[in-house]
Amino acid sequence: MASKLLRAVILGPPGSGKGTVCQRIAQNFGLQHLFSGHFLRENIKANTEVGDMAKQYIEKGLLVPDHVITRLMLLELENRRGEHWLLDGFPRTLVRTEALDRLCDLDLMITLNIPFETLKDRLSRRWIHPPSGRVYNLDFNPPHVHGMDDVTGEPLVQQEDDKPEAVAARLRQYKDVAKPVIELYKSRGVLHQFSGTETNKTWPYVYTLFSNKITPVQSQEAY
């Protein structure tokens with residue numbers, strides 16, 4: 001079971017708990033958790049060519065386009081040809097999917113389906129440390145000091161698009177873009193969908209799915 005490298009992707013709307021599930025999968029199964037936001041920050045900091053390209057869009061308040069994100073992620077994946085990995089939120093568009101197809105075949109595509117009201121409540125309680133990308137939730141992952149980042153002590157902010165009035169639009173946009181990608185992987189027989197309002201209740205099913213694909217590095221599920 002361990003001889004074949006596992007290639008997995010997790011998709012879900014903002015506030016679906018992707019980050020938490022990814023951390024648990026990485027911890028239990030030894031997969032590299034690969035997140036485009038992290039690589040963007042690292043490349044911008046290192047002044048790489050792709051980082052400089054991304055920075056030009058971010059400084060203008062624009063979304064980093066598909067071709068830049070795709071180039072960034074494929075470079076990272078090229079460097080991890082000998083590792084098990086889990087992609088967090090990539091590919092989320094058909095353009096990115098086609099690029100990933102040229103590099104490898106996916107073994108698993110996981111989607112998290114969360115009710116709108118739950119997403120709205122979670123995002124309204126979410127605060128960010130912008131320089132690092134660390135995310136806090138006032139209900140289940142609060143900072144040690146209210147309004148301050150645990151590591152640096154710098155102020156946390158609530159993003160404009162996490163405010164309730166913006167959540168509905170973000171969810172619609174996610175569904176419009178991600179639906180064709182999800183349908184494509186469903187047709188390939190690698191799609192697994194998990195629904196619910198609590199990550200702790202969904203997690204045992206995710207754990208079982210991965211246990212059937214790869215030997216856990218820990219003897220029991222981490223919570």
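Along the sequence shown, residues are numbered consecutively beginning with 1.
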field: Test item: M109 and L11 side chains (from C-beta on) under 4.5 Å apart, heavy atoms
entry: yes

Discussion item. Taking the basic N atoms (NZ, or NE/NH1/NH2) and the acidic carboxylate oxygens, is any pair closer than 4.0 Å for K45 and E42?
Written reply: no

Is a side-chain donor or acceptor of N113 paired with a backbone partner of Q193 at a separation under 3.5 angstrom? no

Distance col, row C22:SG vs L86:CG, nearest 0.5 angstrom, shows 4.5 Å

- Message: Quick test of your reading of the model: are R134 and D149 salt-bridged, counting only N-O distances below 4.0 Å?
- Response: yes

Does F90 belong to the same Ile/Leu/Val/Met/Phe/Trp/Tyr cluster as V64, with side-chain heavy atoms less than 4.5 Å apart forming each link?
yes

When every non-hydrogen atom of I44 is compared with those of G51, the smallest separation belongs to CG1-O, 3.4 Å

Any side-chain heavy-atom pair of V190 and L108 under 4.5 Å: no

What one should report as the nearest heavy-atom pair of Q158 and S124 is NE2-O, 2.9 Å

Please indicate whether F116 has more than 12 foreign heavy atoms, meaning atoms of other residues, nucleotides or ligands, lying under 6.0 Å from its CZ.
yes

Distance col, row I114:CD1 vs L119:CG, nearest 0.5 angstrom, shows 6.5 Å

CG of L106 to CG of D101, rounded to nearest 0.5 Å, is 7.5 Å

- Cluster check I110, W85: I/L/V/M/F/W/Y, side chain < 4.5 angstrom: no

Quick check: do P143 and L138 have side-chain heavy atoms less than 4.5 Å from each other?
yes

Note: P115 and G196 closest approach over all heavy atoms is CD-O, 3.7 Å

Examine V157 and M148 and state if one hydrophobic cluster contains both, with Ile, Leu, Val, Met, Phe, Trp and Tyr joined whenever side-chain heavy atoms are less than 4.5 Å apart. no

Residues A54 and L40: closest non-hydrogen pair is CB-CD2, 3.4 Å

Test item: R7 side-chain N/O and C104 main-chain N/O as donor-acceptor pair under 3.5 Å: no

For L94 and V181, run side chain to side chain contact (heavy atoms under 4.5 Å, CB included): C-alpha distance rounded to whole Å, both residues' side-chain angles, the deciding distance at 0.1 Å, then the answer.
-> CA-CA 6 Å; L94 281 176; V181 177; 4.2 Å; yes

* **R71 side chain reached by M53 side chain, heavy atoms, under 4.5 Å** => yes

Sorted by chain and residue number, the salt bridge (charged side-chain N to carboxylate O under 4.0 Å, His left out) partners of E98 (sequence neighbours excluded) come out as none

Treating Ile, Leu, Val, Met, Phe, Trp and Tyr as nodes and any side-chain heavy-atom pair under 4.5 angstrom as an edge, say whether I69 and V177 lie in one connected cluster. no

- Query: Can you check whether Y174 reaches S16 side chain to side chain, under 4.5 Å on heavy atoms?
  - Reply: no

Hey, what's the ring geometry for Y207 with W203, parallel, tilted or perpendicular (30° and 60° as the breaks)? perpendicular

Parallel, tilted or perpendicular, as decided by the 30° and 60° cut-offs, for the rings of F210 and F29
tilted

- Message: Any heavy-atom pair between the side chains of M73 and L87 that's under 4.5 Å?
- Response: yes

Value for NZ (K18) from CD1 (I10), rounded to nearest 0.5 Å, stands at 7.5 Å

Exercise. Could you go step by step and tell me if D107 and K4 meet the side chain to side chain contact (heavy atoms under 4.5 Å, CB included) rule?
Worked result: CA-CA 10 Å; D107 302 299; K4 184 185 184 302; 2.6 Å; yes

Hey, does L75 have a side-chain heavy atom less than 4.5 Å from the side chain of F39?
-> no

*asked:* Between R122 and D139, does any side-chain N to carboxylate O distance fall below 4.0 Å?
replied: no

N/O donor-acceptor pair under 3.5 Å between T202 side chain and E198 backbone: yes

query = Looking just at side-chain N and O atoms, do N200 and R24 make a donor-acceptor pair shorter than 3.5 Å?
reply = yes

Inset, instruction - Any chance you could lay out the side chain to side chain contact (heavy atoms under 4.5 Å, CB included) test for Y185 and T111, step after step, and finish with the verdict? - result: CA-CA 11 Å; Y185 284 112; T111 63; over 6 Å; no

Rounded to the nearest 0.5 angstrom, the CD-CG distance for Q173 and L171 is 10.5 Å

(message) Between N43 and L72, is the side chain to side chain contact (heavy atoms under 4.5 Å, CB included) condition met? List the steps.
(response) CA-CA 9 Å; N43 277 266; L72 172 77; 3.1 Å; yes

From the list D162, D121, L156, side chain to side chain contact (heavy atoms under 4.5 Å, CB included) partner of R126 resolves to D162

Here the gap from D150 atom CG to H144 atom NE2, rounded to the nearest 0.5 Å, amounts to 4.0 Å

Nearest heavy-atom contact between E83 and Q32 is OE1-CG, 3.0 Å

Looking at L62, I want to see if its CG is surrounded by more than 12 non-hydrogen atoms of other residues, nucleotides or ligands under 6.0 Å. yes

#### Entry: Hydrophobic cluster identity match, L31 and L209, side-chain contacts under 4.5 Å
yes

Taking every heavy atom of R96 against every heavy atom of R92, the minimum-distance pair comes out as CD-N, 4.1 Å

Q23 and Q27, any side-chain heavy atoms less than 4.5 Å apart: no

